[in-house]
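Beneath this line is the structure, given in structure tokens, with notes to follow.
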There are 4 protein chains.
Amino acid sequence: MSQRVARKRGERVRAILTTAAELLGERGYEGVSLEDVADRLDVTKGSLYYYFASKDELVTAAIETLGTDWTDRLEALPAGGTPTDRLRALLREHIRIAVREYPAALRLFLVPDDWPEDQRARIKALRRRHDAVFRAVVEEGLRSGEFTVVAVDPTLQAMHAAMSQAPVWVRDDRGIDRLADTLMMLVGVVPVRPGSAG
Amino acid sequence: MSQRVARKRGERVRAILTTAAELLGERGYEGVSLEDVADRLDVTKGSLYYYFASKDELVTAAIETLGTDWTDRLEALPAGGTPTDRLRALLREHIRIAVREYPAALRLFLVPDDWPEDQRARIKALRRRHDAVFRAVVEEGLRSGEFTVVAVDPTLQAMHAAMSQAPVWVRDDRGIDRLADTLMMLVGVVPVRPGSAG
Amino acid sequence: MSQRVARKRGERVRAILTTAAELLGERGYEGVSLEDVADRLDVTKGSLYYYFASKDELVTAAIETLGTDWTDRLEALPAGGTPTDRLRALLREHIRIAVREYPAALRLFLVPDDWPEDQRARIKALRRRHDAVFRAVVEEGLRSGEFTVVAVDPTLQAMHAAMSQAPVWVRDDRGIDRLADTLMMLVGVVPVRPGSAG
Amino acid sequence: MSQRVARKRGERVRAILTTAAELLGERGYEGVSLEDVADRLDVTKGSLYYYFASKDELVTAAIETLGTDWTDRLEALPAGGTPTDRLRALLREHIRIAVREYPAALRLFLVPDDWPEDQRARIKALRRRHDAVFRAVVEEGLRSGEFTVVAVDPTLQAMHAAMSQAPVWVRDDRGIDRLADTLMMLVGVVPVRPGSAG
DNA sequence: TATGAATGAGAGTTCATTCAT
DNA sequence: GATGAATGAACTCTCATTCAT
């Protein structure tokens, strides 16, 4: 395969993955048919099989795209400031992306048990990289004494669970901030002027 | 209809609902077909329609069964002790049920938008009742000054999100306790000897 | 079987047939399920099979009831007057019954080809008796010279077809009269003051 | 889509519609399943959904095909002659088509009440166009004084009802002519040598 | 006699997958 | 590379029919 052809193929694949990621992020696995993906790309269903062997393969790759993009954006946040500031920024950005772009994200990362090990592994890796971003800041905060946790793992897991569910109840920017502040408490950071409003 | 027959029918309905709840709790709405439910009950698909008018009806009733049972067990916990003790007990029990019995429960309570209003309402009511159990304790803790929160709603939502996701990563009793303690931090209760183990 | 029991059975059968005839007259064969019939009788589906071997049997018998009742009422019309008056009265009464009570009658008498010969024969006999009522008057009118027809059979058939379809377009009493007058033309009786209004 | 492909698709659609129209014309809506249509085309049920979104859509389109074809043939009849001659020709042709090709046509044009408005409208339009052919001749005959009617609407309706029912009793060409002549009486045209043969 | 329960065939529909062109 | 077409399995739902009690 010539380089030119390979490049072209790469572009095509990327277009498919981006589109699929969008749709999956909006409606989740069972909510998206290959017809939907093809339609939005102005292509026919059959064509997708030229690039991917099955729906699962396509979905896995698309989730990879989506997850990578997501993590990239978190990593691109400014590095300076205290762990507290950086964690809060991370939380806000994460929630913002979840709410605005990938409302169905939660469902996506829960891969069905009967998928091939290969694909499960790829998504696991994705989660790990994503997780590392948060873990680094939390651990730094622990070292500096700013943070207190029962254990790192459940803390991170609780954070992610809450953020993924956010699209269900968070409506506006104020909701995002309140949720971020609430999650800061998981590392022992109590906001300056805590309230008790419903 | 004679009493004896009515009782028998009740039993049958309960058997169906229990079975359906189990399967739904394991695999979620789209993961369960009526064939699956019928198979596990050793009857044919069509028979289910003798008791329920549609899949949605059956599923709604099953979710109701599952949710009511769940909340009942939380409400049955001993009433005494400080809010801190009671919230921790609630969290532990909730996580235990989620992990051991209804690993896919999370997805269940997110009712599809296109369901009949009637059924949406029933499930909403269920969620409200469930929520009230936690809310009462949290508010008591706030009044007594034991708890601190940014706002009650996101706190409860984060708790529930984390607990529902628990089946994915929690494996043993220690995991349950660590998660419960972690979530206690959402109300500002820091454990006596906080650690930092991964 | 004692006489008392036989009588009771007869009553039950009649009740079923009347109800079935009603429903069939309203909605036609495919529009009525045994459940519908049973429901309206406050009985269960299964019970019907104690009296009838199959849906077709029940339907045939019900059509017989309906058809007999219908013909009875036509025969009960006053005998006096000219053939013209009597035919017009017959037409009006027939249309009235079709429109008000058995809007789906047309479909009913068109028995599916694959029904057992026995049942086809019974319905044929019914139609014949019904037909005889009109035929008698038409033939009398022909003998008396009041009527003119191309041939008796197609005349009668056209009359019946039009009357059976009447429920689709006839709305009020005026519609009934206009249709009856129109059909009188089939025997050469032109109304005194013919119009041409749509 | 290339022209060649579009043409091929058109042919396929036409084949489906023709087949469906045939079956529908024979057995009516409820008497035809998609399986039946697919079988006769030597394809599987699912394939039909590649061309039509639902049974109703397919049926509507098929009825449209059938109805258009029918009306086309009536409109193609020679235009000359008196209204009497032309109406008789129309009646004969209409009955011939009904008897030979679409014996169940009657039921087809009675669209179920719960169909989407869109489809009801399409079939209504069809009926209107069909009706117009007869109405034009009848009105011309009225203007020229050849015809006499009670009212135009019931006259046309009675004609159509009788013709649609014709397949039930008309057997041969003589039957067709006798029925046509009989229906001419609805507009006051009495045949030259009226008989009274049964 | 009648009931409640269950069955099984068949309906319409969806969709991942295949394949000749 | 991509398309249009077709497939076949799975799904929800309906209903005439059977049968133990």
Side-chain angles (χ1 to χ4, degrees), chain A residues 1 5 8-9 12-13 30 32-38 41-59, chain B residues 1-2 4-6 8-9 12-13 16 30 32-38 41-59, chain C residues 1 5 8-9 12 30 32-38 41-59, chain D residues 1-2 4-6 8-9 12-13 16 30-38 41-59:
Chain A
M1 178 161 42
V5 171
K8 195 128 195 198
R9 181 184 175 91
R12 205 88 197 79
V13 166
E30 354 248 0
V32 177
S33 76
L34 290 188
E35 189 88 50
D36 295 334
V37 179
L41 282 161
D42 261 318
V43 164
T44 52
K45 244 195 306 188
S47 307
L48 301 179
Y49 281 85
Y50 184 75
Y51 299 97
F52 299 94
S54 71
K55 184 185 182 185
D56 288 0
E57 273 263 346
L58 166 52
V59 167
Chain B
M1 185 158 41
S2 86
R4 201 184 127 276
V5 170
K8 201 131 193 184
R9 183 185 178 92
R12 203 86 194 82
V13 167
I16 295 174
E30 338 246 12
V32 177
S33 77
L34 292 186
E35 186 91 50
D36 294 334
V37 179
L41 285 161
D42 261 317
V43 292
T44 51
K45 250 188 315 185
S47 306
L48 300 179
Y49 282 87
Y50 185 69
Y51 297 96
F52 298 94
S54 70
K55 184 185 181 182
D56 287 1
E57 272 247 352
L58 168 50
V59 168
Chain C
M1 178 159 44
V5 170
K8 194 127 194 201
R9 181 184 174 90
R12 205 87 196 81
E30 354 249 357
V32 177
S33 76
L34 290 187
E35 188 87 50
D36 295 334
V37 179
L41 283 162
D42 261 318
V43 164
T44 52
K45 244 194 306 188
S47 308
L48 301 179
Y49 281 85
Y50 184 75
Y51 298 97
F52 299 94
S54 70
K55 185 183 180 184
D56 287 0
E57 274 263 345
L58 167 51
V59 167
Chain D
M1 185 157 44
S2 83
R4 201 184 127 275
V5 171
K8 200 130 194 185
R9 183 185 178 93
R12 202 87 194 82
V13 167
I16 295 175
E30 338 246 11
V32 177
S33 77
L34 291 186
E35 187 89 48
D36 294 335
V37 179
L41 286 161
D42 260 317
V43 292
T44 51
K45 248 192 311 184
S47 306
L48 301 179
Y49 282 86
Y50 184 70
Y51 298 95
F52 299 95
S54 70
K55 184 185 181 182
D56 288 0
E57 273 248 351
L58 167 50
V59 168

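Just so we're on the same page: letters track the sequence lines, and every chain starts at 1. Just the heavy atoms: all of them, side chains too, but no hydrogens, waters or symmetry mates, feed the values below. These numbers come from a predicted model, not from an experiment.
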If you look at every heavy atom in Leu34(A) and Leu48(A), which pair is closest and at what distance? O-CD1, 3.7 Å
Does the pair Phe52(D) and Val13(D) meet the rule for a side-chain contact (heavy atoms from CB on, under 4.5 Å), with working shown? CA-CA 9 Å; Phe52(D) 299 95; Val13(D) 167; 4.0 Å; yes
Comparing nearest nucleotides in DNA chain E, the 5'-proximal residue of the pair Tyr51(C), Ser54(D) is Tyr51(C)
Nearest to the Thr44(B) side chain among dG8(E), dT7(F), dA2(E), which nucleotide is it? dG8(E)
Taken to the nearest whole Å, CD/Glu30(C) to P/dT14(F) is 17 Å
Could you check how far CD of Glu35(C) sits from P of dA6(E), rounded to whole Å? 15 Å
Closest heavy-atom pair, Val43(C) versus Arg12(C), reported as atoms and distance to 0.1 Å, is CG2-NH2, 3.1 Å
Using a cut-off of 4.0 Å on non-hydrogen atoms, how would the nucleic acid contact of Lys8(D) be classed: base, sugar-phosphate, or nothing? nothing
Distance, rounded to the nearest Å, where Glu57(C) contributes CD and dA16(F) contributes P: 15 Å
Using Watson-Crick or G-U wobble geometry with both distances below 3.5 Å, tell me the partner of dT21(E), or none. dA2(F)
Expressed in angstrom and rounded to an integer, what is the separation of Leu34(C) atom CG from dT17(F) atom P? 7 Å
Could you tell me whether the phosphate oxygens of dT13(E), OP1 or OP2, come under 4.0 Å of any side-chain nitrogen or oxygen in Tyr49(D)? yes
By nearest-nucleotide position on DNA chain E, the 5'-leaning member of Val43(B) and Val43(C) is Val43(C)
For Lys55(A) versus Val32(A), what's the shortest heavy-atom pair and its separation? NZ-O, 2.9 Å
Any Arg12(C) side-chain nitrogen or oxygen under 4.0 Å from OP1 or OP2 of dA2(E): yes
Measure CG/Leu48(C) against P/dT18(F) and give the value in whole Å, please. 13 Å
Taking for each residue the nucleotide of DNA chain F with the nearest heavy atom, is it Lys45(D) or Val32(C) whose nucleotide lies nearer the 5' end? Lys45(D)
For atom NZ of Lys55(B) and atom P of dA10(F), their distance in whole Å: 15 Å
Closest heavy-atom pair, Thr44(D) versus Ala38(D), reported as atoms and distance to 0.1 Å, is C-CB, 3.6 Å
Please report, rounded to the nearest Å, how far the C1' atom of dT7(E) is from the OH atom of Tyr50(B). 13 Å
According to a strict under-4.0 Å criterion, is Arg9(B) in side-chain N/O contact with OP1 or OP2 of dA5(E)? yes
Which part of the nucleic acid does Ser33(B) contact within heavy-atom distance under 4.0 Å: base, sugar-phosphate only, or nothing? sugar-phosphate
Measuring to OP1 and OP2 of dA6(E), would you say a side-chain N or O of Ser47(B) lies under 4.0 angstrom away? no
Using Watson-Crick or G-U wobble geometry with both distances below 3.5 Å, tell me the partner of dC15(E), or none. dG8(F)
Whole angstroms only, please: what is the CG-P distance between Asp36(B) and dC11(F)? 6 Å
